[in-house]
Amino acid sequence: MTESASQQLLHLVIGGELINLEKNEFKDLDKVDIVGVYPNYASAHAAWRAKAQMTVDNAHMRYFIVHLHRLLDPAHDVK
């Protein structure tokens, strides 16, 4: 395996209902949906898209992709 192919770039998908649409602040932290941790952006994006489409009728529901690899190693920001 090449170095770039074997590099693990963890991503977290979370979501929940926001207080208002102007800020990314959840209404109830106990109800935040932790969808999962994914080994790459493509799989995280697929999970994000599925959850976002399931909640399309609630305008205050938002799902986010958190780049965990950037938090774990901020000095090595992979583009």
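Not measured: the values here are computed from a predicted model. Side-chain atoms are counted along with the backbone in the values below, which use heavy atoms only and exclude waters and symmetry mates.
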Residue pairs meeting salt bridge (Lys or Arg N to Asp or Glu O under 4.0 Å), one or both in residues 34-47, sequence neighbours left out, come to none
Let me have the donor-acceptor pairs involving side chains of residues 17-30, under 3.5 Å, with sequence neighbours excluded, atom names and distances please.
unit_1: Asn20; atom_1: OD1; unit_2: Glu22; atom_2: N; d: 2.7
unit_1: Asn20; atom_1: OD1; unit_2: Lys23; atom_2: N; d: 3.2
unit_1: Asp28; atom_1: OD1; unit_2: Asp30; atom_2: N; d: 3.0

Tell me which donor-acceptor pairs under 3.5 Å the side chains of residues 48-63 have, and how far apart each pair is, sequence neighbours excluded?
unit_1: Trp48; atom_1: NE1; unit_2: Tyr63; atom_2: O; d: 2.8
unit_1: Lys51; atom_1: NZ; unit_2: Asp33; atom_2: OD2; d: 3.2
unit_1: Thr55; atom_1: OG1; unit_2: Lys51; atom_2: O; d: 3.2
unit_1: Thr55; atom_1: OG1; unit_2: Ala52; atom_2: O; d: 3.3
unit_1: Asn58; atom_1: OD1; unit_2: His60; atom_2: N; d: 3.0
unit_1: Arg62; atom_1: NH1; unit_2: Ala59; atom_2: O; d: 2.7
unit_1: Tyr63; atom_1: OH; unit_2: Asp33; atom_2: OD2; d: 2.7

Are [X] and [Y] in one and the same hydrophobic cluster, where Ile, Leu, Val, Met, Phe, Trp and Tyr link if side-chain heavy atoms are under 4.5 Å apart?
| X | Y | result |
| --- | --- | --- |
| Ile14 | Val37 | yes |
| Val32 | Leu68 | yes |
| Phe64 | Val13 | no |

Quick check for you: to the nearest 0.5 Å, what is the distance between His69 atom NE2 and Leu71 atom CG?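 It is 9.0 Å, given to the nearest 0.5 Å.
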Quick one: sort the His67 and His11 rings into parallel, tilted or perpendicular, breaks at 30° and 60°.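 Perpendicular, since the angle between the ring planes exceeds 60°.
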Candidate pair Ile65 and Tyr41, rule side-chain contact (heavy atoms from CB on, under 4.5 Å), full reasoning: CA-CA 8 Å; Ile65 298 174; Tyr41 182 81; 3.8 Å; yes
Evaluate whether atom CD1 of Ile34 has more than 12 neighbouring non-hydrogen atoms of other residues, nucleotides or ligands under 6.0 angstrom away.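 Atom CD1 in Ile34 is not packed in, count stays at 12 or less.
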Do you know which two heavy atoms are closest between Ala47 and Val35, and how far apart they sit?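 Closest pair (atom of Ala47, atom of Val35, distance): CB-CG1, 4.3 Å.
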